[in-house]
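Taking it in order: structure first as structure tokens, then the write-up.
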Protein chains: 2
Amino acid sequence: MVRQPALNAKHRAPLSTERIIEAALQIIDGQGLGRLTMRRLGDALEVEAMAIYHHLPRGKEQLLDALVTHVAAVPADAPATGRGATRWREALRGWARAYRERLLTHAGVLPLLVTRRNPAALAGTTASLREILRQGGIPERTAAVAAHTLLSYVIGHAAMEVRGTTPGGPEGPEPAGTAAVPEGPVDWDARFLAGLDLVLAGLNP
Amino acid sequence: MVRQPALNAKHRAPLSTERIIEAALQIIDGQGLGRLTMRRLGDALEVEAMAIYHHLPRGKEQLLDALVTHVAAVPADAPATGRGATRWREALRGWARAYRERLLTHAGVLPLLVTRRNPAALAGTTASLREILRQGGIPERTAAVAAHTLLSYVIGHAAMEVRGTTPGGPEGPEPAGTAAVPEGPVDWDARFLAGLDLVLAGLNP
DNA sequence: ACCTGAACACCGTTCAAGT
DNA sequence: ACCTGAACACCGTTCAAGT
């Protein structure tokens, strides 16, 4: 009989913060945030749950913070060297599409992004957005507003999408004299892009 | 000695779904979502935790759904009878301000609003927004987009605010050649209104 | 019909101990 | 330095029982 490597062998990849975050993200994406458990995470890493605390001393809180940073703290690329009104507009559009996609593939961390966790996680993202706008000739004040508006829209829209298509009719009391008509199934891709154009339309350098 | 009413007296207000939701919201607003526990909720209602299941058979899941509905499923008022471009614009602005305030005073439920829970909860809200836009002369298609855009912005912005003012600098790798400058403290009220105008600016009937 | 009490399977985390 | 095992205080929920 060929000797199998011992189950608790030491030659498996050593535990590291990166591997922990990766495994946690895989659990969230595959089974949902509610099923991310220190014990289950330990199982996925073939380690006892308590071993995680050696790399993340603040425990689950620290893990969730790290996940938010990993998913949401992505600065936008600087705009390509050429300038002109279409240049930075296209850059922002591209960033928004990529960022939305990122949020949707890791939809399980969206609730974490909304909580007060990790207050500085989005600072880099907003700063890079402001920079793109500034280079596009938008005045400082307007750029600060536009950066936050754009980020708010993308995050908010991702949240709406994650809730799923709203199949039912309206709820609650109707305002008098108004028959609110429920909307049919929504093409979220198209709607996101249309709303994005609406937000960008107000920006004139 | 005056006889005190028995502690487990029956003359306390009988348990009801309304009272349960009210008490839960009070716990969330006062101590945070993480401290909302069936047992603690029972204590607040002077009842054993298991009594809650008699009114909410699906347990905590149903409670959280009800909380989202209670906080977020508020249709916008119909615009005042007069028409003209400023009328409905003012109506939308007023709604957005009120809705944001509502979300911020119950910031603890924001993570719940983002999760897939209660998919129909926002249907009534979006429908009433579409109706206001339609009455303002905005074509059906544009109205549907604008309603979602506006709602996404308000929810997203509330989320940004709840995370707190971002005191630290940027995080993560900087794009080459760009020194992203961290922003100072933000006046969220002013920023929200400015962003709101940015979103509404693109809407021409 | 409405509420209680005990019990079950699970959490996150601590702490002393192993190698 | 890195991981384990047992233990503690807490969860949500079930189920039989009380009134």
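Throughout, protein chains are lettered first and strands after them, A, B, ... in sequence-line order, and every chain is numbered starting at 1.
Every residue two or more places apart in sequence or in another chain that forms a side-chain hydrogen bond (donor to acceptor under 3.5 Å, both in side chains) with R134(B) is listed here: E131(B). Partners of D197(B) according to the salt bridge (charged side-chain N to carboxylate O under 4.0 Å, His left out) rule, which considers only residues two or more places apart in sequence or in another chain, are R93(B). Here E48(B) pairs with nothing under the side-chain hydrogen bond (donor to acceptor under 3.5 Å, both in side chains) rule; sequence neighbours left out. The side-chain contact (heavy atoms from CB on, under 4.5 Å) test applied to T105(B) returns no partner, not counting sequence neighbours.
In terms of phosphate contacts, H54(B) brings no side-chain nitrogen or oxygen within less than 4.0 Å of OP1 or OP2 of dT4(C). Look at H55(B) and you won't find any side-chain N or O under 4.0 angstrom from OP1 or OP2 of dA1(C).
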Just the table, please: protein N/O against nucleotides 6-10 of chain C N/O, every pair under 3.5 Å.
none

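Where pairing requires Watson-Crick or G-U contacts shorter than 3.5 Å, the helical stems of DNA chain C with at least three consecutive pairs are C:4-8 with D:12-16, C:12-16 with D:4-8.
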Legend entry - Stepwise salt bridge (charged side-chain N to carboxylate O under 4.0 Å, His left out) check, R97(B) with D189(B): CA-CA 9 Å; R97(B) 283 157 61 155; D189(B) 285 2; over 6 Å; no

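Between Y153(A) and F192(A), the angle of the ring planes stays under 30°, which puts this pair in the parallel group of the 30/60° scheme.
When the C1' atom of dT13(D) is taken as reference, atom CD of E61(B) falls 13 Å away, rounded to whole Å. Rounded to whole Å, atom C1' of dT14(D) lies 15 Å from atom CD of E48(B). Atom CD1 in I52(B) sits roughly 14 Å away from atom P in dT14(D) (whole-Å rounding).
The shortest non-hydrogen separation linking V74(B) to Y99(B) is O-CE1, 4.3 Å. Across all their heavy atoms, I52(B) and G42(B) have their closest contact at CD1-N, 3.9 Å.
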